[in-house]
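It should be emphasised that the depicted structure is a prediction, and the values quoted were computed from it without experimental measurement.
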Amino acid sequence: MECAGNPRNKCAACYRQFNRMEHLVEHMRTSFHSAHEPTCGVCKKHCRSFESLREHLIGPLPKQECRNVFNIRGCKFCLAILDSPYALRVHQDRCQLSGVNHGISAYMANLGLRDSLTIDNGYSRGPQVVALACKTVGGGSDRSLDLCARVCIIDENENIIFHTYVKPPIPVTNYRYETTGIRPEHLRDAMPLRQVQRKVQDFLCNGEPTWKIRSPKGGKARILVGHGLDHDLDKMQVEYPPIMIRDTAKYPPLMKTSKLSNSLKYLTQAYLGYDIQNGIQDPYEDCVATMRLYVRMRRQIHRRQDYPLASDPQNRNNFASWRQNELERMSPEEMLAISRSDYYCWCLDSA
């Protein structure tokens, strides 16, 4: 389908060339190009993920012109192109973050219950954002059943607002000490799972019934950040609307080019510039990493659109088959202008 030919048949976003205009229309119909995709600061090519952008800039087969500029003025963490090498040095000093202090990690290991969970019924200004992580121990005869044994929640300023060890409802057969640091004495008098589930559920909903939560804006419920939250919430037996969840394992710009999830360890090293999960893993450290990734993605500056999602009713006919003739008469730029994202960009949380 791709070939050198009429520049009118070239995608204005990813620069793929097609031999027929109808093929370009079909590409635009299924690619969901938008202003929210990671974009090369040199040639302005749209990429599906930051990993794809990284390959475009410094991969095995980069675009030579873009690589040359990136090597001089490109930030290796956020992949932005700065105005000068000096501006790059100043920027990268801020862009590379420091890890959690090991003294705090040691303190966290000995921290029992810390409970600052409050229900404010949405009176605070703007949507509240919290990050959650849990650590599991093993249960069952083969010791492979994941049981929630430790939970941590932080606010956007990285303050601990909830931390507890959790007493599982069935016996623990493997404490997984090498990675969890959890011992039998930590769980002996710990908070029961059912009580943790109820407290966390009530805190996240913040006085709003789960069935009523429809949007991250204007409601009382809190935005929940984490990595692999499907797993964590399942082990805590907490149900929460997907529209309020910001999962760094499932966010398209942070996924692999194969559309599989990256590990939190990799994302932290690649995009924040420090290492985590060396030896015993701390849920507070995971919370901080996911919150920092979320904030960095939320601060992305994209062109504002009244209806930014392909699923918005106003956009559902943008590439309808009955418009085929009209679409084929459009320029690639005009088609890109009406194309919308198929995922919710986190920059919209700050809109």
E328 vs Q324, test: side chain to side chain donor-acceptor pair (under 3.5 Å). Steps then yes/no.
CA-CA 6 Å; E328 290 183 21; Q324 184 71 22; 2.8 Å; yes
So which of D232, T268, L264, D286 actually passes side-chain contact (heavy atoms from CB on, under 4.5 Å) with H227?
L264
Interatomic distance, NE2@H91 vs OH@Y86, rounded to 0.5 Å, equals 14.0 Å
Evaluate the side-chain proximity of C347 to R304: yes if any heavy-atom separation is below 4.5 Å, no if none is.
yes
In this structure, would L224 and L348 fall into the same cluster of hydrophobic residues linked by side-chain contacts under 4.5 Å?
yes
Can E26 and R29 be counted as an ion pair, charged N to O under 4.0 angstrom?
yes
List the atom of L187, the atom of P168, and the distance in Å for their closest heavy-atom pair.
CD1-CD, 4.1 Å
M291 CE to T248 OG1 distance, which is reported to the nearest 0.5 Å
11.5 Å
Distance check, rounded to the nearest 0.5 Å: H36 atom NE2 versus Q300 atom CD?
11.0 Å
Does any non-hydrogen side-chain atom of R299 lie less than 4.5 Å from one of S350?
no
Shortest non-hydrogen contact between E156 and V295, atoms and distance
OE2-CG2, 4.1 Å
Are F77 and I81 linked, directly or through intermediate hydrophobic residues, by side-chain heavy-atom contacts shorter than 4.5 Å (ILVMFWY only)?
no
Can you get from L293 to Y343 by hopping between Ile, Leu, Val, Met, Phe, Trp and Tyr side chains that sit under 4.5 Å apart?
yes
Can you tell if the side chain of L193 reaches within under 4.5 Å of the side chain of C148, non-hydrogen atoms only?
yes
For F203, does the six-membered ring have the charged nitrogen or CZ of R222 within the cation-pi criterion, i.e. under 6.0 angstrom from the centroid and within 45° of the normal?
yes
Please determine whether residues L88 and I58 belong to a single hydrophobic cluster, defined as Ile, Leu, Val, Met, Phe, Trp and Tyr linked transitively by side-chain heavy-atom distances below 4.5 Å.
no
Step-by-step side-chain contact (heavy atoms from CB on, under 4.5 Å) determination, L24 to C11
CA-CA 7 Å; L24 173 58; C11 177; 3.9 Å; yes
Looking at Y240 and L204, what are the two nearest heavy atoms and their distance?
OH-O, 2.9 Å
Could you please spell out the steps behind the side chain to side chain donor-acceptor pair (under 3.5 Å) verdict for Y274 and R292?
CA-CA 12 Å; Y274 66 93; R292 289 175 176 179; 3.1 Å; yes
Could you walk me through whether Y284 and H163 pass the ring pair (Phe, Tyr, Trp, His ring centres under 6.0 Å) test, one step at a time?
CA-CA 9 Å; Y284 173 71; H163 174 274; 9.1 Å; no
Applying salt bridge (charged side-chain N to carboxylate O under 4.0 Å, His left out) to D230 and K250, what does each step give before you reach the verdict?
CA-CA 10 Å; D230 286 349; K250 298 171 69 175; 2.9 Å; yes
Minimal heavy-atom distance between F319 and S339, with the atoms involved, is CE1-CA, 3.8 Å
Are L97 and L79 connected into the same hydrophobic cluster when the rule is that any two of I, L, V, M, F, W, Y join if their side-chain heavy atoms are below 4.5 Å apart?
yes
side-chain contact (heavy atoms from CB on, under 4.5 Å) between V130 and I154, intermediate numbers included:
CA-CA 6 Å; V130 297; I154 67 169; over 6 Å; no
Chi angles and distances behind the side-chain contact (heavy atoms from CB on, under 4.5 Å) call for L327, I338
CA-CA 10 Å; L327 291 166; I338 65 170; 4.0 Å; yes
Against the six-membered ring of Y271, is R296 placed for a cation-pi contact (under 6.0 Å from the centre, within 45° of the normal)?
no
Grab the two heavy atoms, one from A131 and one from T290, that are nearest each other, plus how far apart they are.
CB-OG1, 3.8 Å
Sub-3.5 Å donor-acceptor pair from the side chain of Y251 to the main-chain atoms of W346, do we have one?
yes
Please list every donor-acceptor pair under 3.5 Å in which a side-chain atom of residues 39-50 meets a protein atom from a residue at least two apart or in another chain.
from	atom 1	to	atom 2	distance (Å)
T39	OG1	E37	O	3.0
K44	NZ	G41	O	3.3
H46	ND1	S34	O	3.1
H46	ND1	E37	OE1	3.0
R48	NH1	D342	OD1	3.2
R48	NH2	D342	OD1	2.9
R48	NH2	D342	OD2	3.0
S49	OG	E51	N	3.4
S49	OG	S52	N	3.1

State the CG-CD distance between N206 and Q201, to the nearest 0.5 angstrom.
12.5 Å
Do side-chain atoms of R340 reach the backbone of P308 as a donor and acceptor pair under 3.5 angstrom?
no
Tell me whether D155 contacts the main-chain N or O of N159 through its side chain, where contact means a donor paired with an acceptor under 3.5 Å.
yes
Check the pair R176, T136 against side-chain contact (heavy atoms from CB on, under 4.5 Å), reporting the backbone distance first and the verdict last.
CA-CA 8 Å; R176 303 172 181 172; T136 61; 3.1 Å; yes
Rounding to 0.5 Å, atoms CG (D349) and CD1 (I223) come to a distance of 4.0 Å
Is the backbone N or O of G273 less than 3.5 Å from a side-chain atom of Q96, with the two atoms forming a donor-acceptor pair by type?
yes
Got L309 and N315 here, is their nearest side-chain heavy-atom distance under 4.5 Å?
no
Scan the side chains in residues 60-71 for donor-acceptor partners under 3.5 Å anywhere in the protein, sequence neighbours excluded, and list what turns up.
from	atom 1	to	atom 2	distance (Å)
Q64	OE1	R67	NH2	3.4
Q64	NE2	N68	OD1	3.3
N68	ND2	Q64	O	3.3
N71	ND2	R67	O	3.4

Shortest non-hydrogen separation from I213 to C205 and the atoms involved
CD1-SG, 4.2 Å
Taking atom CG of D247 and atom NE2 of H231, what is their separation to the nearest 0.5 Å?
12.0 Å
Stepwise, does the side chain to side chain donor-acceptor pair (under 3.5 Å) test hold for Q281 with K135?
CA-CA 8 Å; Q281 298 179 14; K135 294 300 174 184; 3.1 Å; yes
Tell me whether the guanidinium CZ or amine NZ of K10 lies under 6.0 angstrom from the six-membered ring centre of Y15 and within 45° of its axis.
yes
Please test Y177 against R183 for side chain to side chain donor-acceptor pair (under 3.5 Å), starting from the C-alpha separation and ending with a verdict.
CA-CA 7 Å; Y177 177 77; R183 299 180 183 275; 2.9 Å; yes
